Amino acid sequence: MENLKSFLDKNIFKIIAAASHDMGVDAYVIGGYVRDRIMGRDTGGDIDIVAIGSGMDLAAKVAEKLGKKTKVNYYKNFGTAMLWHNEERELLVEFVGARKESYNRDARKPIVEDGTLEDDQNRRDFTINAMAISLQQKDFGSLLDPFDGIGDIGRKIIRTPLDPDITYSDDPLRMMRAIRFATQLDFIIEEKSFESISKNRERIKIVSGERVADELNKIILARKPSYGFKLLEQTGLLQIIFPQLVDLKGAETVDGRGHKDNFYHSLQVLDNLSENTDNLWLRWAALLHDIAKPATKRYEPKIGWTFHSHEFVGAKMVPRIFKQLKLPMNEKMRYVKKLVLLHLRPIVLSKEEITDSAIRRLLFEAGDDIDDLMMLCEADITSKNPGKVKRYLSNFKLVRKKLVEIEEKDRVRNFQPPVSGELIMETFGIRPCREVGTIKNAIKDAILDGIIPNEYEAAFGYMLKKGKELGLKPVDG
Ligand code: ATP
């Protein structure tokens, strides 16, 4: 039997071992911590302990040994307890009693009874997550790996301990977890598992949207998220949870003219971007930037394929998609929406003569998100033609340079109009009305177009001029 004592290098393991010895209850480290240590990955500071007895009592005993200040949360309904311990960093240790689970078909919630270590390992989702390390004095550090999880790590395989049809049907969230782990670890899903996911895909509907979103976010945050989305698509899960993304698939040809497959293009953009940022929401923007291409697609014999206004339609789709996927309906959603709306602007700019006024407008609209927008646009270049790529990138360099120059000169990035609506109303003695908006907009446009400088005096003068044109008179003039 393999001994992994070296992985029990934290003080907390000695304390748990002593507590379990005192109580005469066997305890094991199990799950993600064991997997990640064997793989040499960061364990993320979470440790799962399974007790062959009461997990809550063991947690209480451990807390007693650690001293009064230890914080423990007990979850009686689940028979689990969580404890925070500060060693080299904050560790979250979760205790659970070994259990045996049986499921009914309508819910993810199992009927639970006390069980043996073997029962508990049987109920785990994947062989690589079912490995346990003993904390008993007699065999401290020995690995209990009944399903050859260690072999699967070597073979880079996601496999279920039991018949996959039972594992996935019992708890369909495991289908998302299989794809998520495959993506995070760069593993292959074993064929029988893959088939079973396809077969059981409809059962994903009994899983809460929030849990699915959690897994989607983890897939998006992986090093190469496209892999996970391709698996979701191939198993048919994507069609159920996020059909708009599947709609991007396919390349039509008319009169010998085709367009690119926007599903694979979007995934490529997501991968490209992911090389440069871990910003989850920027990654979402990459995935969604062309989401309205199917809805706006036209074939125009003189031009070919067009997707007019797909950025506007796409931005409008973002809130609906966030709601449907149970993603937050807050400033994160508005940020994604804004980036989808603006994603073509730097490209258009780089194709045309770059005017100061166009740069000012882009800076004004993108505000502090301008750097993220530029990163998204660079990732959007997926052409196979190296000449084209080079040309685009050098144009973007020029746009970036101009952005810096103009921002230094005009400071429009977080532009606030130097003349407020209140001042306009006060000056002309008017109540809120359309004219106030017209004057405000005219001042904004004049500044962005470089007609007047971004200063109070000039803006005030311009306001008087515009007011006059509209037949307004200053109250004391
Ligand atoms: P990560 O922290 O990256 O999500 P993890 O393996 O620690 O990885 P958790 O969700 O914290 O994942 O779960 C801890 C352990 O509990 C897993 O390793 C697995 O053994 C078991 N587990 C979690 N969810 C399920 C599930 N839906 N079905 C069966 N076993 C599960």
Side-chain angles (χ1 to χ4, degrees), residues 7 28-51 55 75 78-83 89-103 107-112 115 117-133 143-150 152-153 158-187 189 193 196-197 200 203-204 206-208 210-223 225 228 237 280:
F7 293 160
Y28 301 85
V29 195
I30 194 159
Y33 179 85
V34 180
R35 176 199 69 221
D36 288 341
R37 284 303 298 258
I38 291 174
M39 292 188 71
R41 292 175 86 225
D42 181 6
T43 58
D46 289 4
I47 299 170
D48 289 312
I49 303 292
V50 62
Y75 304 92
F78 298 99
T80 62
M82 270 185 196
L83 170 155
R89 68 172 168 182
E90 179 105 323
L91 297 173
L92 174 65
V93 192
E94 195 173 338
F95 295 82
V96 60
R99 54 168 86 161
K100 200 174 169 169
E101 291 180 344
S102 44
Y103 288 79
R108 282 189 59 227
K109 225 168 122 50
I111 301 155
V112 177
L117 174 67
E118 207 184 325
D119 291 329
D120 199 277
Q121 286 176 305
N122 281 338
R123 75 168 180 92
R124 302 269 159 180
D125 47 7
F126 308 114
T127 59
I128 59 167
N129 286 347
M131 297 180 285
I133 303 179
L143 175 71
L144 293 115
D145 180 18
F147 311 110
D148 193 23
I150 217 161
D152 285 346
I153 286 179
I158 300 291
R159 192 163 59 88
T160 57
L162 306 177
D163 176 351
D165 273 347
I166 296 171
T167 301
Y168 294 120
S169 169
D170 275 355
D171 176 2
L173 178 67
R174 293 170 183 159
M175 303 191 283
M176 293 295 298
R177 283 174 61 88
I179 293 176
R180 186 257 288 189
F181 280 118
T183 314
Q184 284 179 327
L185 306 176
D186 194 18
F187 276 27
I189 298 179
S193 238
S196 176
I197 294 175
N200 285 288
R203 285 189 57 69
I204 197 67
I206 68 161
V207 179
S208 81
E210 286 77 4
R211 293 221 175 238
V212 172
D214 233 32
E215 297 300 327
L216 273 182
N217 284 338
K218 286 180 179 167
I219 291 171
I220 292 198
L221 282 174
R223 202 181 54 78
L237 279 169
L280 173 66

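Bear in mind that the values here come from a model prediction, so they are computed numbers and not experimental data. Counting convention: from 1, in listed order, for ligands and their atoms alike.
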| Do any N/O atoms on D48 end up under 3.5 angstrom from N/O atoms on ligand 1? | no

| note | Counting from 1 in the order shown, the ligand 1 atoms closer than 4.0 Å to a non-hydrogen atom of K218 are 4 (O)

| Which residue owns the protein heavy atom closest to atom 30 (N) of ligand 1, what's the atom, and how far is it? | D125 N, 3.2 Å

| remark: among protein heavy atoms, the one nearest atom 8 (O) of ligand 1 is R35 NH2, 3.2 Å

| task | Using a distance threshold of 4.0 Å (strictly less than), state whether atom 2 (O) of ligand 1 has a protein heavy-atom neighbour. | result | no

| said: Show the atoms of ligand 1 that are less than 4.0 angstrom away from any heavy atom in G31. | reply: 18 (O)

| remark: Honestly, for F181 the part within reach of ligand 1 (heavy atoms, under 4.0 Å) is side chain

| remark: In terms of its nearest heavy atom to atom 12 (O) of ligand 1, the top option of R177, R174, R123 is R177

| query | What is the nearest protein non-hydrogen atom to atom 16 (O) of ligand 1, stated with its residue, atom name and distance? | reply | R124 NH1, 3.2 Å

| So, do M131 and L144 sit near enough that their side-chain heavy atoms are less than 4.5 Å apart? | no

| query | Side chain or backbone of R180 under 4.0 Å from ligand 1, or both, or neither, by non-hydrogen atoms? | reply | side chain

| Is a donor on one side and an acceptor on the other found under 3.5 Å between the side chain of E101 and the backbone of P110? | no

| Is the side chain of E215 donor-acceptor paired with the backbone N or O of E210 at a distance under 3.5 Å, no angle test? | no

| task | May I ask you to decide if I189's main-chain N or O and S193's side chain share a donor-acceptor pair within less than 3.5 Å? | result | no

| Should we count CZ of F78 as having more than 12 external heavy atoms under 6.0 Å? | no

| query | If you count the atoms of ligand 1 from 1 in the order shown, which ones are under 4.0 Å from a heavy atom of N129? | reply | 6 (O), 18 (O), 19 (C), 20 (O)

| query | Is G32 close to ligand 1, meaning an N/O of one under 3.5 Å from an N/O of the other? | reply | yes

| field | Under-4.0 Å heavy-atom contact with ligand 1, by part of D171 that carries it | value | side chain

| field | Carboxylate-amine/guanidinium contact D125 R177, below 4.0 Å | value | yes

| Does some non-hydrogen atom of F126 fall short of 4.0 Å from ligand 1? | no

| said: Is it the case that the side chain of R159 and the backbone of F126 share a donor-acceptor pair, with hydrogens and angles ignored and the cut-off at 3.5 Å? | reply: no

| query | Mind checking whether Q184 has an N or O less than 3.5 Å away from an N or O of ligand 1? | reply | no

| message | Taking R124 first and then D120, would you say they form a salt bridge - that is, a charged N and a carboxylate O separated by under 4.0 Å? | response | yes

| said: Given 3.5 Å as the limit, does a donor-acceptor pair link the side chain of R99 with the main chain of G115, or not? | reply: no

| said: Ignoring hydrogens and geometry beyond distance, is a side-chain donor-acceptor pair present between N200 and S196 at under 3.5 Å? | reply: yes

